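This report refers to the structure that appears directly beneath it.
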Amino acid sequence: MDADFLLDTPAARHLYHEHAAKMPIIDYHCHLSPEAIAKDEPFASITELWLGGDHYKWRAMRANGVAERYITGDATDEEKFMKWAETVPYTLRNPLYHWTHLELRTAFGIDDILNAANAADIYRRCNQKLKDPGMTPRGLMKRYNVELVCTTDDPVDTLEYHRAIAASGCPTRVLPTWRPDKVMAVENPDAYRDYIRRLEAASGRSIATFAGLIEALSIRHEFFHSQGCRLADHGLSYVPFAECTTEEAESLFAKVLAGQKLGRTEADMLKTAILLALMRMNAARGWAQQIHFGPLRNVNSRTFASLGPDTGFDTIGDYKGAENMARLLDSLDRTGELAKTILYNLNPADNVWVAAMIANFQDGSCAGKIQMGSGWWFNDQIKGMEDQMNALSNQGLLSRFVGMLTDSRSFLSYPRHDYFRRVLCNLLGSDIDRGLIPLSELPRVERMVEDVCYYNAKNYFNF
């Protein structure tokens, strides 16, 4: 993993070192804690920074036979780190092997290969390094040349930490992202009604009707806009689309508030009505929007009961989504209410139809208005990123791609941008080497690399 890691040709090395590596990072979708950024406190240990909340590593540790006590349980930070170090040699060919050592090298200056034999020494060296003033959340963002991050925030969030960050003079801009998933979760009436009460408190509006729900959401949408939000994110297991009149939406919403459980078709009707209303808000305020779809969540009921969500027990779903996606986008496009939209598919089997789908709704109003998002979650490794970029290249314009994001809860995940940039440069460098791109076009390719790594996102989101 030297300076030319993943760069197989002279052209790839030139594109990376002279162009990609120099670009700042715009991390337009992540799950970093605004509170942690606002407080900017030192990390207690490398375990807190590296293993806390990282379900990628947790899944690998479980697969390696590590007991839950050393993953999410009451073991000490040092014990948890040792179990991770024991697991690392078994992660060969998993992206965790590369990410682990890229993070050790770029954040801590450690080039050693982590294993059980040197774990105690590396644990000590990392913890010593964490005492440096530049190893706080803000310091790490500065170290990795992060210009801007967009966090993921619920409509009921106060955004108090975003205001504190803005007032503090933090060199990295931190903006909120509107993530209204809970207002779509109509399947569980009890939990839904609890959420509606929270939305009432946040918006200052009583919510007794569907119209009242949309009004309350619009109030919060405007508040997010006033705090610099220009980006929405809609996380969906599958893409719902079932025609629903205003009268039907009112009736179905009343049933949920009354504690009645909706059938699958009824739930899809109400979800569609809510989603369309939210997306029209996005368009009206000039936001971009993201649609993440395809996960099958919390599939292990035993561990969900004991550990809760987001602990490493989600997987790839095999929903059929092309027809509903087309109907969703078309219904908005017909009325001129389709905002800039990024589609992220979790199932790699959906790559080609997603890449083809976006071409149907480009309208010439801006370059790359409808985007195919980067390889997401289970696909943010070498092959997943290559497959996504190849599908996009074959069906559309890779040159207009808005590039990589971390989608991470960790302040050590920024080397994933570097990983992506190396893969991108290697793809293009290989094409030059094979004669698929003429060498005379090198200046155009150089600009393309800088655009995909930075400028496309900056211009697309108007940051």
Side-chain angles (χ1 to χ4, degrees), residues 15-16 18-32 34 37 138 140-153 162 165-166 169-178 224-225 227-233 282-283 285-291 339-344 358 362-376 380 385 388-389 392 396-408 413-425 428 443-463:
L15 292 171
Y16 173 76
E18 299 303 321
H19 298 277
K22 298 177 179 181
M23 293 295 102
I25 288 174
I26 292 178
D27 197 27
Y28 57 87
H29 174 66
C30 72
H31 297 274
L32 293 177
I37 300 172
R138 296 187 193 184
L140 286 167
M141 292 191 295
K142 182 178 179 181
R143 171 184 288 266
Y144 287 113
N145 196 20
V146 181
E147 180 177 294
L148 180 145
V149 299
C150 293
T151 58
T152 302
D153 310 281
H162 292 84
I165 294 166
C170 176
T172 300
R173 291 179 68 197
V174 181
L175 300 179
T177 296
W178 170 267
F224 269 59
H225 189 83
Q227 301 302 303
C229 179
R230 297 295 183 270
L231 183 59
D233 184 27
N282 298 336
R285 292 199 169 94
W287 292 9
Q289 62 194 12
Q290 303 168 95
I291 305 176
K340 292 178 180 177
T341 303
I342 308 174
L343 306 181
Y344 303 86
I358 66 174
Q362 310 288 12
D363 61 11
S365 61
C366 67
K369 175 181 176 179
I370 313 300
Q371 290 273 331
M372 180 184 188
S374 62
W376 169 45
D380 59 357
M385 291 188 289
Q388 183 269 341
M389 285 190 278
L392 177 56
L397 301 180
L398 181 64
S399 298
R400 293 300 187 179
F401 178 33
V402 293
M404 186 57 173
L405 46 92
T406 63
D407 190 32
S408 175
S413 289
Y414 291 111
R416 294 185 194 179
H417 279 264
D418 182 70
Y419 204 57
F420 166 83
R421 292 173 178 188
R422 290 171 182 271
V423 172
L424 169 68
C425 291
L428 295 171
R444 170 85 281 279
V445 181
E446 293 169 343
R447 177 66 195 200
M448 177 181 178
V449 166
E450 294 183 0
D451 285 345
V452 173
C453 292
Y454 174 70
Y455 289 110
N456 284 349
K458 190 174 182 68
N459 295 331
Y460 185 82
F461 298 112
N462 297 318
F463 290 146

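Model, not experiment: these values are computed from the prediction.
Counting only distance, with no hydrogens or angles, the side chain of W178 and the backbone of C229 share no donor-acceptor pair below 3.5 Å. Although no hydrogens or angles enter the test, the distance criterion places no donor-acceptor pair under 3.5 Å between the side chain of Y455 and the main chain of V402. Formation of a donor-acceptor pair under 3.5 Å by the T177 side chain with backbone atoms of T151 is found in this model. For the pair R138 (side chain) and I37 (backbone), a donor-acceptor distance under 3.5 Å is present. With hydrogens and angles ignored, the 3.5 Å screen pairs a side-chain donor or acceptor of N456 with a backbone N or O of F401. Of the possible donor and acceptor atoms, none in the side chain of R173 sits under 3.5 Å from a partner among the backbone N and O of V149. A donor-acceptor pair under 3.5 Å links the side-chain atoms of Q371 to the main chain of R400, judged by distance alone.
The closest side-chain heavy-atom distance from D407 to Y344 is not below 4.5 Å. Put simply, the side chain of D418 reaches to within 4.5 Å of the side chain of Y16, judged on heavy atoms. Within the 4.5 Å cutoff, no side-chain heavy atoms of M404 are placed close to those of L424. Looking at L231 and L175, their side chains never come closer than 4.5 Å, going by heavy atoms from C-beta outward. Considering only heavy atoms from C-beta on, H417 stays 4.5 Å or farther from M23 through its side chain. Between K369 and T341, every side-chain heavy-atom pair lies at or beyond the 4.5 Å cut-off. M448 is not listed as a side-chain neighbour of L15, based on a closest heavy-atom distance of 4.5 Å or more. Side-chain contact between N145 and I25: absent, with no pair of heavy atoms (C-beta onward) separated by less than 4.5 Å.
The CG atom of L32 lies 7.0 Å from the CE atom of M141; values are rounded to the nearest 0.5 Å. A distance of 7.0 Å separates NE2 of H225 from CZ of R285, quoted to the nearest 0.5 Å. To the nearest 0.5 Å, atoms CD1 (I26) and CG (L405) are separated by 12.0 Å.
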Go through it in stages, so that I can follow the logic: the residues are R230 and F461, the test is side chain to side chain contact (heavy atoms under 4.5 Å, CB included), and I'd like the CA-CA distance, side-chain angles, deciding distance and then a yes or no.
CA-CA 7 Å; R230 297 295 183 270; F461 298 112; over 6 Å; no

Take K340 and N462 through the side chain to side chain contact (heavy atoms under 4.5 Å, CB included) test and state the conclusion after the steps.
CA-CA 12 Å; K340 292 178 180 177; N462 297 318; 3.9 Å; yes

Just do the side chain to side chain contact (heavy atoms under 4.5 Å, CB included) check on K458 and L148 with the steps written out, would you?
CA-CA 10 Å; K458 190 174 182 68; L148 180 145; over 6 Å; no

Let's go through T172 and K142 carefully: what are the C-alpha distance in whole Å and the side-chain angles of both, what is the deciding distance for side chain to side chain contact (heavy atoms under 4.5 Å, CB included) to 0.1 Å, and is it a yes or a no?
CA-CA 7 Å; T172 300; K142 182 178 179 181; 5.5 Å; no

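The side-chain hydrogen bond (donor to acceptor under 3.5 Å, both in side chains) test with H19 singles out one residue from R447, R421, E450, and that residue is E450.
Checking T406 against S413 by side-chain atom types alone, no donor-acceptor pair falls below 3.5 Å. No hydrogens or angles considered: a donor-acceptor pair under 3.5 Å links the side chains of E147 and Y454. Between the side chains of D233 and Y28, no donor-acceptor pair of N or O atoms lies under 3.5 Å.
In terms of heavy atoms, I370 sits closest to Q362 at O-NE2, 2.7 Å.
Geometric assessment of R143 against the ring of Y414 yields a negative cation-pi assignment under the 6.0 Å and 45° thresholds.
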